[in-house]
*Asks:* 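Encoded as structure tokens, here's the structure I'll be asking about.
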Amino acid sequence: MSTFVEINEVGLRDGLQNQSKAINTEQKLRLAEKLIDANIKFIEATSFVSPKAVPQMADNSEVLKGLEKLQQGKEICTTVLVPNMRGYDNAMQNNVNSIAIVLATTDSFNEKNLNMSLEQTRAVCRDLIKQANKDGIKVRTYISGACACPYDGKQPVSLVKALCDEMIETGTDEISIADTTGAGSPAQIAEIFESLLKAYSTDLFNVHFHDTRGQALAMCWEALRLGIRKFDSSIAGLGGCPFAPGAKGNIATEDLVYMLHSSGYETGIDFTKLFDAIAVAEEITQAKLGGKIMPWVYTQQEKGRNIVF
Ligand code: COA
Ligand code: ZN
């Protein structure tokens, strides 16, 4: 089985959407520049949602234009989140070729997030997938609240499986199993993937874990053990969801990359260059951030020691 792991950096979207302090385009692009310097190849850049619902993403077009300039020959795969056809059309006007769509497991979560019931959201997702397929646009469907709904608690694996079946049958290129509030456990990930992998191959899946209760690394390890090779993470552990109370940041990119590299996996990412991105993330949010690995990194740096895996 491949030892290469694809890291999709979601700090610019999931990480920044919930910041209380307004982050401007220039600041976002400074962060993006450091991420690209560290050789990150997959970036969820922004979302095309209502600026009233998520003001931090109102500069979506400017961020995409800026990112295009920053790439300078490097092949970066940029994804944007779209909640509906209006968002899709807006994204298309910005030459996007990969989208993320969101389907939460319950009525309550879909209503809070998108102002639609579960059934309405399923219908919108089916339409988005069909349109994306027609246009040759790659689409990843997030099954949000896969481990637990922030309002209605734990949901059965059979529901997660049924939503995946429907979206795969409709034509989604990928599914992301998303633990939006960080309420899951490694055992739950095993249970979900044992069901899914009976029917589908591992390359259809990505995982998206938040680290609210400190379980995300262990959950990633479980997904990795089961053959999953695509992971979302957020630099410095930035993040949270404005529509899911209690949702903290995503698993920190630096924690995930360290775990992978120290366990013999490759990501293509330059671990030590992530520190510059963490510094920018802290500066623009004016918050002390960083994954679990960072206190050790800072001690190594103070003592003048190299970072070795
Ligand atoms: N982009 C920009 N504006 C949009 C939009 C989109 N994708 N979809 C709708 N709008 C605008 C409408 O034009 C309308 O504007 P107006 O008030 O100036 O007339 C307004 O938003 C309300 O439109 P409506 O269709 O009634 O939407 P809604 O109020 O039911 O909200 C969503 C639905 C999906 C637009 C909104 O809930 C949303 O953007 N959610 C995003 C959630 C998110 O990003 N979550 C984090 C990711 S998991
Ligand atoms: Zn998230």
Side-chain angles (χ1 to χ4, degrees), residues 1-16 23 26-46 63-64 66-79 98 206-211 216-217 219-221 223-224 228-239 249-285 287-309:
M1 194 166 268
S2 167
T3 54
F4 187 80
V5 176
E6 207 175 284
I7 304 282
N8 180 41
E9 169 62 45
V10 299
L12 290 169
R13 199 281 300 169
D14 209 353
L16 296 184
I23 315 284
E26 179 270 326
Q27 292 173 313
K28 290 176 186 177
L29 292 173
R30 269 201 290 127
L31 178 57
E33 188 177 15
K34 298 295 182 198
L35 294 168
I36 293 171
D37 275 353
N39 222 19
I40 283 182
K41 297 283 185 211
F42 300 88
I43 296 182
E44 186 167 304
T46 185
V63 167
L64 289 178
L67 260 176
E68 216 172 298
K69 280 193 199 138
L70 286 177
Q71 291 185 30
Q72 293 177 342
K74 285 195 180 183
E75 287 267 311
I76 310 291
C77 299
T78 306
T79 303
S98 175
N206 153 297
V207 290
H208 176 103
F209 299 148
H210 285 249
D211 205 21
L217 263 184
M219 290 162 69
C220 284
W221 183 257
L224 191 72
I228 305 306
R229 294 291 181 270
K230 296 177 206 172
F231 293 77
D232 280 7
S233 63
S234 172
I235 190 71
L238 277 169
N250 295 78
I251 184 168
T253 303
E254 57 275 22
D255 284 343
L256 183 59
V257 168
Y258 186 86
M259 180 182 81
L260 292 167
H261 289 188
S262 63
S263 303
Y265 293 86
E266 302 117 55
T267 64
I269 294 172
D270 184 333
F271 178 70
T272 55
K273 283 198 176 170
L274 291 175
F275 310 155
D276 295 337
I278 294 168
V280 174
E282 289 188 319
E283 182 217 312
I284 66 178
T285 57
K288 183 89 196 96
L289 300 168
K292 295 180 176 73
I293 190 77
M294 292 316 288
W296 175 78
V297 166
Y298 295 135
T299 308
Q300 295 299 99
Q301 288 174 333
E302 271 162 31
K303 295 187 175 166
R305 293 182 187 149
N306 288 333
I307 306 292
V308 282
F309 293 97

*Asks:* Is it true that His208 and Asn8 share a donor-acceptor pair across their side chains at a distance under 3.5 Å?
*Replies:*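 There is no such pair (donor and acceptor under 3.5 Å, judged by atom type) between the side chains of Asn8 and His208.
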*Asks:* Donor-acceptor pair, distance only, cut-off 3.5 Å: does the side chain of Gln300 make one with the backbone of Ile307?
*Replies:*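 The answer is no, because no donor-acceptor pair under 3.5 Å joins these two groups.
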*Asks:* By side chain to side chain donor-acceptor pair (under 3.5 Å), which residues pair with Thr253, not counting sequence neighbours?
*Replies:*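 Scan of Thr253 (side chain to side chain donor-acceptor pair (under 3.5 Å), adjacent residues dropped) gives Glu9, Ser233.
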*Asks:* Who pairs with Trp296 by ring pair (Phe, Tyr, Trp, His ring centres under 6.0 Å), at least two apart in sequence or on another chain?
*Replies:* Tyr258
*Asks:* So does Ala216 get a backbone contact from the side chain of Asp211, meaning a donor-acceptor N/O pair under 3.5 Å?
*Replies:* yes
*Asks:* Is there a donor-acceptor pair under 3.5 Å between the side chain of Lys28 and the backbone N or O of Val63?
*Replies:*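 Here the side-chain-to-backbone pair does not exist.
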*Asks:* Rounded to the nearest 0.5 Å, how far does CG of Leu274 lie from CG of Leu35?
*Replies:*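 If we round to the nearest 0.5 Å, Leu35:CG and Leu274:CG are 7.5 Å apart.
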*Asks:* Suppose we screen for side chain to side chain contact (heavy atoms under 4.5 Å, CB included). Which residues come up paired with Glu26, at least two apart in sequence or across chains?
*Replies:* Asn24, Arg30
*Asks:* Partners of Lys230 by salt bridge (Lys or Arg N to Asp or Glu O under 4.0 Å), sequence neighbours excluded?
*Replies:*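 For Lys230, the residues satisfying salt bridge (Lys or Arg N to Asp or Glu O under 4.0 Å) (neighbours in sequence not counted) are Glu174.
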*Asks:* Taking only residues two or more places apart in sequence, or in another chain, which ones meet Ser98 in a side chain to side chain contact (heavy atoms under 4.5 Å, CB included)?
*Replies:*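 Partners of Ser98 by the side chain to side chain contact (heavy atoms under 4.5 Å, CB included) criterion, ordered by chain and then number, come out as Thr79, Lys138.
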*Asks:* Using only atom types and a distance under 3.5 Å, with no angle test, would you say the side chain of Asp14 pairs donor to acceptor with the backbone of Gly239?
*Replies:* no
*Asks:* Could I get the full list of side chain to side chain contact (heavy atoms under 4.5 Å, CB included) partners for Lys288, not counting sequence neighbours?
*Replies:* Glu282, Tyr298
